[in-house]
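What follows is one structure encoded as C-alpha coordinates, with my remarks underneath.
Keep in mind that what you see is a predicted model, and the values were worked out from it rather than measured.
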Amino acid sequence: MKYTALGTSGLQVSRICLGCMGFGDPQNGQHSWTVGEPETRAIVRRALELGINFFDTAIAYQNGTSEQYLGRALKEFARREEVVVATKFLPRTSEEIAAGVSGQEHVTRSLERSLKNLGTDYVDLYIYHMWDYRTPLYDIMGGLSAAVKAGKARCVGISNCFAYQLAKANALAEREGFAPFVSVQGHYNLIFREEEREMAKLCQEDNIAMTPYSALAGGRLS
(Lines give C-alpha, C1' and ligand atoms only; values in the text may rest on other atoms or scores of the structure.)
Protein backbone atom coordinates (compact mmCIF):
# COMPACT_ATOMS: atom_id res chain seq x y z
CA MET A 1 0.00 0.00 0.00
CA LYS A 2 1.18 3.52 -0.77
CA TYR A 3 0.58 6.40 1.64
CA THR A 4 0.41 10.16 1.24
CA ALA A 5 -0.16 13.32 3.24
CA LEU A 6 -3.79 14.47 3.43
CA GLY A 7 -3.28 18.05 2.27
CA THR A 8 -1.94 20.23 5.06
CA SER A 9 -3.56 18.18 7.84
CA GLY A 10 -0.46 16.30 8.93
CA LEU A 11 -2.35 13.01 8.54
CA GLN A 12 -0.76 10.16 6.59
CA VAL A 13 -3.38 8.16 4.75
CA SER A 14 -3.41 5.15 2.47
CA ARG A 15 -3.85 6.03 -1.22
CA ILE A 16 -6.97 3.86 -1.16
CA CYS A 17 -9.70 4.95 1.26
CA LEU A 18 -12.40 2.44 2.13
CA GLY A 19 -15.75 4.11 1.48
CA CYS A 20 -18.42 2.83 3.85
CA MET A 21 -21.65 3.81 2.09
CA GLY A 22 -22.24 0.12 1.40
CA PHE A 23 -22.26 -0.72 5.12
CA GLY A 24 -25.32 -0.55 7.34
CA ASP A 25 -28.68 -2.07 8.16
CA PRO A 26 -30.47 -2.57 4.79
CA GLN A 27 -33.80 -2.18 6.59
CA ASN A 28 -32.87 1.20 8.03
CA GLY A 29 -32.04 3.81 5.44
CA GLN A 30 -32.18 4.94 1.85
CA HIS A 31 -30.51 1.86 0.33
CA SER A 32 -31.62 -1.77 0.35
CA TRP A 33 -28.34 -3.15 -0.99
CA THR A 34 -26.07 -2.42 1.99
CA VAL A 35 -24.29 -5.25 3.80
CA GLY A 36 -24.85 -6.19 7.43
CA GLU A 37 -22.47 -6.16 10.34
CA PRO A 38 -20.81 -9.59 9.79
CA GLU A 39 -19.94 -8.65 6.21
CA THR A 40 -18.76 -5.20 7.33
CA ARG A 41 -16.42 -6.77 9.88
CA ALA A 42 -14.90 -9.08 7.27
CA ILE A 43 -14.37 -6.24 4.75
CA VAL A 44 -12.82 -3.90 7.33
CA ARG A 45 -10.52 -6.63 8.60
CA ARG A 46 -9.32 -7.44 5.08
CA ALA A 47 -8.82 -3.75 4.30
CA LEU A 48 -6.60 -3.39 7.35
CA GLU A 49 -4.62 -6.48 6.35
CA LEU A 50 -3.99 -4.89 2.94
CA GLY A 51 -2.66 -1.72 4.55
CA ILE A 52 -5.70 0.55 4.25
CA ASN A 53 -5.80 2.94 7.19
CA PHE A 54 -8.32 5.49 5.84
CA PHE A 55 -12.07 4.92 6.32
CA ASP A 56 -14.88 7.23 5.18
CA THR A 57 -18.46 7.04 6.44
CA ALA A 58 -21.34 9.43 7.17
CA ILE A 59 -24.19 9.87 9.60
CA ALA A 60 -26.54 9.74 6.60
CA TYR A 61 -25.42 6.25 5.59
CA GLN A 62 -28.29 4.00 6.68
CA ASN A 63 -29.28 6.32 9.51
CA GLY A 64 -25.97 6.01 11.32
CA THR A 65 -25.69 2.22 11.22
CA SER A 66 -22.72 2.46 8.84
CA GLU A 67 -20.90 4.48 11.49
CA GLN A 68 -21.89 1.98 14.17
CA TYR A 69 -20.71 -1.05 12.19
CA LEU A 70 -17.44 0.63 11.22
CA GLY A 71 -16.74 1.81 14.75
CA ARG A 72 -17.21 -1.63 16.25
CA ALA A 73 -15.10 -3.30 13.56
CA LEU A 74 -12.23 -0.89 13.99
CA LYS A 75 -12.34 -1.28 17.75
CA GLU A 76 -12.00 -5.03 17.29
CA PHE A 77 -9.29 -5.10 14.63
CA ALA A 78 -7.21 -1.91 14.98
CA ARG A 79 -5.81 0.56 17.46
CA ARG A 80 -7.53 3.92 17.25
CA GLU A 81 -4.33 5.88 16.68
CA GLU A 82 -3.41 3.70 13.69
CA VAL A 83 -6.47 4.55 11.58
CA VAL A 84 -7.85 7.72 10.03
CA VAL A 85 -11.63 7.94 10.39
CA ALA A 86 -13.69 10.40 8.37
CA THR A 87 -17.40 11.02 8.69
CA LYS A 88 -19.82 13.64 7.40
CA PHE A 89 -22.81 15.71 8.50
CA LEU A 90 -25.87 16.83 6.55
CA PRO A 91 -27.41 20.32 6.19
CA ARG A 92 -29.90 21.52 8.77
CA THR A 93 -33.35 20.04 8.44
CA SER A 94 -36.48 22.13 7.97
CA GLU A 95 -37.52 21.10 11.48
CA GLU A 96 -34.25 22.39 12.94
CA ILE A 97 -34.59 25.66 11.08
CA ALA A 98 -38.16 26.09 12.31
CA ALA A 99 -37.02 25.36 15.87
CA GLY A 100 -34.27 27.97 15.67
CA VAL A 101 -31.35 25.53 15.84
CA SER A 102 -28.31 27.47 14.64
CA GLY A 103 -25.80 26.17 12.14
CA GLN A 104 -23.12 25.93 14.81
CA GLU A 105 -25.42 24.02 17.14
CA HIS A 106 -26.36 21.70 14.28
CA VAL A 107 -22.69 20.89 13.62
CA THR A 108 -22.13 20.19 17.32
CA ARG A 109 -25.19 17.95 17.63
CA SER A 110 -24.36 16.03 14.46
CA LEU A 111 -20.79 15.40 15.56
CA GLU A 112 -21.86 14.19 18.99
CA ARG A 113 -24.20 11.65 17.37
CA SER A 114 -21.46 10.47 15.04
CA LEU A 115 -18.96 10.11 17.88
CA LYS A 116 -21.49 8.02 19.79
CA ASN A 117 -22.17 5.86 16.73
CA LEU A 118 -18.46 5.34 16.08
CA GLY A 119 -17.64 4.75 19.73
CA THR A 120 -14.75 7.20 19.71
CA ASP A 121 -13.83 10.51 21.34
CA TYR A 122 -12.78 12.18 18.09
CA VAL A 123 -12.80 11.85 14.32
CA ASP A 124 -9.73 12.56 12.25
CA LEU A 125 -11.60 14.28 9.43
CA TYR A 126 -15.07 15.83 9.77
CA ILE A 127 -16.69 16.55 6.42
CA TYR A 128 -19.39 19.03 5.40
CA HIS A 129 -21.40 16.54 3.32
CA MET A 130 -23.12 19.00 1.00
CA TRP A 131 -23.55 22.76 0.82
CA ASP A 132 -26.33 24.08 3.03
CA TYR A 133 -27.88 26.99 1.15
CA ARG A 134 -30.20 27.81 4.06
CA THR A 135 -27.49 28.23 6.69
CA PRO A 136 -24.91 31.03 6.87
CA LEU A 137 -21.43 29.81 5.95
CA TYR A 138 -20.05 31.67 8.96
CA ASP A 139 -22.11 29.47 11.28
CA ILE A 140 -20.92 26.26 9.63
CA MET A 141 -17.26 27.26 9.68
CA GLY A 142 -17.58 28.47 13.25
CA GLY A 143 -19.09 25.17 14.34
CA LEU A 144 -16.41 23.15 12.60
CA SER A 145 -13.65 25.30 14.04
CA ALA A 146 -15.10 24.85 17.53
CA ALA A 147 -15.02 21.07 17.02
CA VAL A 148 -11.34 21.22 16.09
CA LYS A 149 -10.50 23.44 19.07
CA ALA A 150 -12.35 21.03 21.36
CA GLY A 151 -10.28 18.12 20.05
CA LYS A 152 -13.33 16.30 18.69
CA ALA A 153 -12.16 16.64 15.07
CA ARG A 154 -8.52 16.78 14.04
CA CYS A 155 -9.30 18.59 10.80
CA VAL A 156 -12.24 19.38 8.51
CA GLY A 157 -13.15 18.79 4.88
CA ILE A 158 -15.98 19.37 2.44
CA SER A 159 -17.83 17.26 -0.12
CA ASN A 160 -20.03 17.89 -3.17
CA CYS A 161 -19.26 21.56 -3.69
CA PHE A 162 -18.15 23.91 -6.42
CA ALA A 163 -14.63 25.30 -6.55
CA TYR A 164 -15.87 28.81 -5.83
CA GLN A 165 -17.59 27.56 -2.66
CA LEU A 166 -14.44 25.89 -1.39
CA ALA A 167 -12.42 29.04 -2.14
CA LYS A 168 -15.04 31.21 -0.43
CA ALA A 169 -15.10 28.99 2.67
CA ASN A 170 -11.33 28.91 3.08
CA ALA A 171 -11.07 32.65 2.54
CA LEU A 172 -13.56 33.10 5.38
CA ALA A 173 -11.58 30.66 7.52
CA GLU A 174 -8.36 32.59 6.92
CA ARG A 175 -10.02 35.91 7.69
CA GLU A 176 -11.75 34.75 10.88
CA GLY A 177 -9.14 32.32 12.18
CA PHE A 178 -11.37 29.29 11.61
CA ALA A 179 -10.12 25.80 10.76
CA PRO A 180 -9.85 25.60 6.94
CA PHE A 181 -11.02 22.75 4.73
CA VAL A 182 -8.01 20.51 4.09
CA SER A 183 -9.77 18.14 1.68
CA VAL A 184 -12.59 17.97 -0.82
CA GLN A 185 -14.53 14.85 -1.75
CA GLY A 186 -16.14 15.10 -5.16
CA HIS A 187 -17.49 12.92 -7.95
CA TYR A 188 -14.51 12.25 -10.24
CA ASN A 189 -13.41 9.45 -12.53
CA LEU A 190 -12.25 8.91 -16.12
CA ILE A 191 -15.83 9.29 -17.37
CA PHE A 192 -16.94 12.23 -15.22
CA ARG A 193 -14.08 14.73 -15.29
CA GLU A 194 -15.73 18.02 -14.37
CA GLU A 195 -13.43 18.40 -11.35
CA GLU A 196 -10.52 18.97 -13.73
CA ARG A 197 -12.02 22.27 -14.93
CA GLU A 198 -11.49 24.33 -11.76
CA MET A 199 -11.44 22.18 -8.62
CA ALA A 200 -8.23 20.29 -9.36
CA LYS A 201 -6.38 23.51 -10.16
CA LEU A 202 -7.56 25.16 -6.94
CA CYS A 203 -6.55 22.14 -4.87
CA GLN A 204 -3.13 21.94 -6.49
CA GLU A 205 -2.41 25.61 -5.82
CA ASP A 206 -3.65 25.55 -2.22
CA ASN A 207 -2.46 22.02 -1.29
CA ILE A 208 -5.99 20.77 -0.61
CA ALA A 209 -6.38 17.00 -0.79
CA MET A 210 -8.78 15.52 -3.34
CA THR A 211 -10.50 12.32 -2.21
CA PRO A 212 -12.71 11.38 -5.19
CA TYR A 213 -15.70 9.10 -4.88
CA SER A 214 -17.05 6.81 -7.61
CA ALA A 215 -13.51 6.34 -8.88
CA LEU A 216 -14.61 3.32 -10.95
CA ALA A 217 -17.85 4.96 -12.09
CA GLY A 218 -20.08 2.49 -10.31
CA GLY A 219 -18.18 -0.44 -11.86
CA ARG A 220 -18.26 0.84 -15.44
CA LEU A 221 -14.45 1.20 -15.43
CA SER A 222 -13.64 -2.09 -13.71
In a table with atom names and distances, give each donor-acceptor pair under 3.5 Å that connects a side chain of residues 42-52 to protein atoms at least two apart or in another chain.
unit_1	atom_1	unit_2	atom_2	d
R46	NH1	E49	OE1	3.3

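- Each side chain to side chain donor-acceptor pair (under 3.5 Å) pair with one or both residues in residues 192-205, not counting sequence neighbours, appears once here: Y188-E196, R193-E196, E194-R197.
- Checked by atom type and distance alone, the side chain of R92 never pairs as donor or acceptor with a backbone atom of D132 at under 3.5 Å.
- Contacts of Y3 classified as ring-ring contact (aromatic ring centres under 6.0 Å, His included), with partners at least two apart in sequence or in another chain: none.
- Residues passing the side-chain hydrogen bond (donor to acceptor under 3.5 Å, both in side chains) test with Q68 are N117, sequence neighbours excluded.
- The shortest distance between side-chain heavy atoms of L137 and W131 falls below 4.5 Å.
- Residue-environment remark: CZ (R15) stays at or below the threshold of 12 foreign heavy atoms within 6.0 Å.
- By the 6.0 Å contact criterion, CG on N207 is enclosed, its count of non-hydrogen atoms from other residues, nucleotides or ligands being greater than 12.
- Contacts of R79 classified as side-chain hydrogen bond (donor to acceptor under 3.5 Å, both in side chains), with partners at least two apart in sequence or in another chain: E82.
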Output a table of donor-acceptor pairs, distance under 3.5 Å, between side-chain atoms of residues 166-186 and any protein atom two or more places apart or on a different chain; print 'none' if there are none.
unit_1	atom_1	unit_2	atom_2	d
N170	OD1	F181	N	2.8
N170	ND2	F181	O	3.2
Q185	NE2	D56	OD2	3.0

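- Under the ring-ring contact (aromatic ring centres under 6.0 Å, His included) criterion, Y164 pairs with no residue, sequence neighbours left out.
- Side chain of S9 to backbone of A5: no donor-acceptor contact under 3.5 angstrom is found.
- Residues satisfying the salt bridge (charged side-chain N to carboxylate O under 4.0 Å, His left out) test with R113, not counting sequence neighbours, are none.
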Distance-only check: which donor-acceptor pairs under 3.5 Å involve side-chain atoms of residues 151-158, not counting sequence neighbours?
unit_1	atom_1	unit_2	atom_2	d
K152	NZ	E112	OE2	2.4
R154	NH1	D124	OD1	3.0

Considering only distance and modelled atom types, tabulate donor-acceptor pairs under 3.5 Å from the side chains of residues 22-29, sequence neighbours left out.
unit_1	atom_1	unit_2	atom_2	d
D25	OD1	Q27	N	2.9
N28	OD1	N63	ND2	2.8

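- Proximity of a side-chain donor or acceptor of H129 to a complementary backbone N or O of N160 within less than 3.5 Å is not detected.
- Legend: residues meeting side-chain hydrogen bond (donor to acceptor under 3.5 Å, both in side chains) with S94, ordered by chain and number and at least two apart, are R134.
- With sequence neighbours excluded, the residues forming a ring-ring contact (aromatic ring centres under 6.0 Å, His included) with Y213 are H187, listed by chain and number.
- Counting only distance, with no hydrogens or angles, the side chain of S66 and the backbone of M21 share no donor-acceptor pair below 3.5 Å.
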